[in-house]
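Comments concern the structure below.
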Number of protein chains: 2
Amino acid sequence: MPKPTLVDVGREAGVSAITVSRALRSPEKVSEALRRKVDRAVKKLGYVPNQSASTLASNKSNSIVVMVPSISNNVFTDVLGGISDALHGSRFNMQIGYTNYDSLEEERILRSFLNPTPSGVIISGLEQTEETRQILANAGVPVVQIMDISPDPIDMIVGFSHDQAAETATQHLVDAGYRNIGFIGAQMDPRSQKRLAGFKKAIKANGTLLEQSIAVTNKPSSAHMGAVLLSKLTSQFPECDAVLCNNDDLAVGVLFECQRRGIKVPEEFGICGFNDLGISSETVPSITSVTTPLREIGRLAAAMVIGEEEESSSPIVDLSYNISVRESTQRV
Amino acid sequence: MPKPTLVDVGREAGVSAITVSRALRSPEKVSEALRRKVDRAVKKLGYVPNQSASTLASNKSNSIVVMVPSISNNVFTDVLGGISDALHGSRFNMQIGYTNYDSLEEERILRSFLNPTPSGVIISGLEQTEETRQILANAGVPVVQIMDISPDPIDMIVGFSHDQAAETATQHLVDAGYRNIGFIGAQMDPRSQKRLAGFKKAIKANGTLLEQSIAVTNKPSSAHMGAVLLSKLTSQFPECDAVLCNNDDLAVGVLFECQRRGIKVPEEFGICGFNDLGISSETVPSITSVTTPLREIGRLAAAMVIGEEEESSSPIVDLSYNISVRESTQRV
DNA sequence: ATAGTAAATGATTGCGCAATCATTTTGCAA
DNA sequence: TTGCAAAATGATTGCGCAATCATTTACTAT
């Protein structure tokens with residue numbers, strides 16, 4: 001038995017194929033009675049729409065394009081999980097593009113993903129090329145930028161302020177009594193740069209910013225890199241007594257390196273991570289971290305892009321963050 | 001300027017549209033001269049095939065369907081990374097289905113993904129329903145089962161023996177001098193069950209298997225769960241002096257719990273993890289783990305499914321594993 | 001040279017759906 | 001009731017490609 005088509009459903013329901021199409025795609029435009037008849041026929045025949053035909057005829061796909069820098073970064077797997085949750089059960093599916101932190105690559109991939117026109121686009125960060133912004137603005141589809149926050153989104157945006165989060169976290173280290181605070185960062189993308197900026201701002205507000213208090217790399221973030229960067233930091237800034245890390249895996253690596261060297265955390269050295277990726281609450285001592293709403297960003301972005309959010313809600317959503325204070329910054 | 005179609009390319013190259021189609025899809029069936037003409041025209045016009053039209057006309061898509069139990073598990077993100085690598089630059093794209101460790105759900109999703117027929121299927125594990133095996137066997141597309149190994153695959157298989165890996169790891173603990181070895185496992189899917197079976201086999205080969213030496217749960221694996229299960233294990237099996245963990249995050253959690261309790265690793269307690277997820281080499285002490293070829297499984301499965309592997313190679317590929325001995329099992 | 005065959009290329013058609021425009025039915029005011 | 005607008009439904013067409021079958025060209029053996 002071949003798969004039923006709209007024509008089959010129409011025959012079963014006693015109406016024309018195009019009417020069935022309409023009943024399914026814009027139920028509000030047809031009569032109540034028709035809707036019921038069609039629904040019954042669809043169920044009886046087990047009709048499933050052919051997406052290729054639909055896409056070909058309308059030049060519009062049911063995909064939500066999601067552009068993220070990397071798959072291996074836990075930050076994005078959390079966000080993707082949120083999107084996946086929100087899309088589950090809807091007629092939309094997710095098409096993922098990995099830009100590898102390269103906005104030209106991003107533009108290239110996006111161009112290829114924009115044909116046929118997807119139903120929506122979710123894209124990480126604010127650093128699209130001007131071309132990309134143009135393309136997206138003119139594509140005629142909902143676009144949600146995620147992760148960061150800005151008063152001037154392409155269309156909609158959901159994220160939080162990385163500067164503020166880092167500033168608050170740094171202030172927390174100051175308040176905890178640390179006096180020579182360093183910054184450790186890997187994968188220094190623009191959001192990481194903002195975290196660094198927030199760090200600098202908080203340090204300056206409390207005294208003097210030292211050049212040598214910063215150790216960063218563009219290589220990927222990992223526990224191993226945390227250890228490497230701590231070594232770099234302590235050699236250039238020996239009096240350092242606390243660090244703010246760019247990401248939790250760095251923080252974990254820093255803790256391990258401290259253990260290796262016999263440096264007592266938090267008494268001699270304070271550690272604060274970022275993103276609260278799950279392990280930081282388990283280490284001994286547990287690590288203070290900036291809890292960020294990763295999954296919720298994904299969930300909400302997906303809801304916004306498929307138009308499931310309240311009409312009234314703003315196109316700019318700042319989900320904020322939270323400092324989860326743990327043992328690694330609590331001198332007794 | 002509308003997107004160029006096969007007709008446009010044909011006009012440019014001075015041949016018919018269908019000939020262009022053939023030149024692109026089966027270049028070996030056309031003359032050298034034609035191939036060059038068509039390539040030139042394609043480049044000049046910037047022709048990009050319309051996948052929807054292709055799929056609709058042939059009822060066959062360019063997708064490789066990938067069925068995995070979960071996205072949040074690092075094990076599968078590694079495998080997916082390998083698949084993604086191997087597919088990069090090819091004409092195939094990846095369509096991911098999450099089964100949530102449920103073979104009925106798997107069957108349901110697979111049915112929906114099998115229309116239109118994909119170019120290939122990569123599916124985790126051996127525990128498909130009989131229905132699923134039938135559907136896949138009859139789909140007329142390459143199917144690669146991954147993760148596990150079996151003499152009787154649906155079509156092809158690439159993985160390693162979980163029983164043997166666990167057996168070897170357990171024997172390592174025995175050889176390291178531990179005498180009361182326990183097993184900690186979360187997310188007890190069939191591969192985890194096999195690891196447990198391998199553990200039991202090795203224990204029996206060296207003495208007596210004690211019921212209380214096993215602490216498992218069906219909940220997801222995490223560092224926190226490692227701590228919870230260690231508590232359970234030590235309360236039911238106080239003389240326990242080493243554990244084999246199902247997965248590295250459990251092992252990490254076990255180490256932290258030992259640190260909290262002041263249990264010395266490896267002197268008083270040995271720990272061996274599984275999958276070598278990157279963090280185990282960084283902890284203090286570093287954790288011995290079973291290094292498994294996750295990324296390579298993905299890479300190879302993708303190559304096999306798109307027919308890029310040597311014709312000569314076997315449809316059954318056992319990639320084996322390796323015990324990475326670290327501090328957590330080295331009593332001095 | 002010529003038949004016979006294989007290789008190369010072409011013409012037609014339909015995949016299943018939605019855009020567009022056309023037609024019918026319904027509701028309702030006067 | 002009639003007329004008319006609005007709502008509901010229908011007919012036709014083409015999206016871009018590949019399957020199928022048809023035709024032309026090139027090549028080989030004798």
Side-chain angles (χ1 to χ4, degrees), chain A residues 1-39 41-42 45-63 91 112 114-119 140-141, chain B residues 1-39 41-42 45-63 91 112 114-119 140-141:
Chain A
M1 47 167 191
K3 290 210 69 176
T5 72
L6 280 182
V7 174
D8 301 321
V9 177
R11 190 182 310 119
E12 178 70 28
V15 297
S16 76
I18 182 59
T19 303
V20 175
S21 170
R22 208 154 18 209
L24 295 176
R25 288 186 310 133
S26 349
E28 75 283 0
K29 287 187 185 161
V30 303
S31 69
E32 175 67 27
L34 176 67
R35 217 175 306 152
R36 271 204 305 269
K37 268 195 299 187
V38 168
D39 282 353
V42 164
L45 298 181
Y47 170 75
V48 178
N50 181 321
Q51 291 214 15
S52 299
S54 169
T55 301
L56 179 61
S58 66
N59 195 34
K60 182 145 194 175
S61 80
N62 278 179
S63 292
R91 68 192 176 88
S112 78
L114 247 37
N115 205 280
T117 308
S119 291
V141 302
Chain B
M1 51 169 187
K3 292 212 66 175
T5 70
L6 279 181
V7 174
D8 301 319
V9 177
R11 190 181 311 119
E12 177 70 28
V15 297
S16 75
I18 182 59
T19 303
V20 175
S21 169
R22 206 152 22 207
L24 295 175
R25 288 185 309 133
S26 352
E28 74 284 359
K29 287 185 183 163
V30 303
S31 68
E32 175 67 26
L34 175 67
R35 217 175 306 153
R36 272 205 304 270
K37 268 195 299 187
V38 168
D39 281 353
V42 164
L45 299 181
Y47 170 74
V48 178
N50 181 321
Q51 291 214 16
S52 300
S54 169
T55 301
L56 179 60
S58 66
N59 194 33
K60 184 148 191 173
S61 81
N62 278 178
S63 293
R91 67 191 178 89
S112 77
L114 248 37
N115 205 278
T117 308
S119 291
V141 303

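Just so you know, these numbers use all the heavy atoms, side chains as well, and skip hydrogens, waters and symmetry mates. Below, read A as the first sequence line, B as the second, and so on, with proteins coming before strands; counting in each chain starts at 1.
Where DNA chain D meets chain A (any atom under 4.0 Å from a heavy atom), the bounding nucleotides read 5' to 3' are D/dA8 to D/dG16.
Using a distance-only test at 3.5 Å, with no hydrogens or angles considered, a donor-acceptor pair links the side chain of B/Ser119 to the main chain of B/Ser61.
Across all strands shown, B/Arg22 has heavy atoms under 4.0 Å from base atoms, whether or not it also approaches the sugar-phosphate. Among the atoms of the strands shown, only primed sugar atoms or phosphate atoms (P, OP1, OP2) are found under 4.0 Å from some heavy atom of B/Lys29. As judged by a 4.0 angstrom heavy-atom cut-off over every strand, A/Val15 is placed among residues touching the sugar-phosphate backbone only.
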Would A/Val15 and A/Val20 satisfy side chain to side chain contact (heavy atoms under 4.5 Å, CB included), going step by step from the backbone distance to the final call?
-> CA-CA 7 Å; A/Val15 297; A/Val20 175; 3.7 Å; yes
Criterion side chain to side chain contact (heavy atoms under 4.5 Å, CB included) on A/Tyr47 and A/Leu24, from CA distance to verdict = CA-CA 11 Å; A/Tyr47 170 75; A/Leu24 295 176; 3.7 Å; yes
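Scanning for side chain to side chain contact (heavy atoms under 4.5 Å, CB included) contacts around A/Ala57 gives an empty result, with sequence neighbours left out.
Summary of the strand contacts: B/Ile18 and A/Thr55 both lie near DNA chain C, and taking for each the nucleotide with the nearest heavy atom, the more 5' one is attributed to B/Ile18. In this structure, B/Ser31 and B/Leu56 both approach DNA chain C, and ranking their closest nucleotides by distance from the 5' end singles out B/Ser31.
A salt bridge links A/Arg11 and A/Asp8; the closest N-O separation between the charged side-chain nitrogens and carboxylate oxygens is under 4.0 Å.
Looking at every heavy atom in both residues, B/Ala41 comes nearest to B/Glu12 through CB-CG, 3.5 Å.
Counting to the nearest Å, the P atom of C/dA8 and the CD atom of B/Glu28 are 10 Å from each other.
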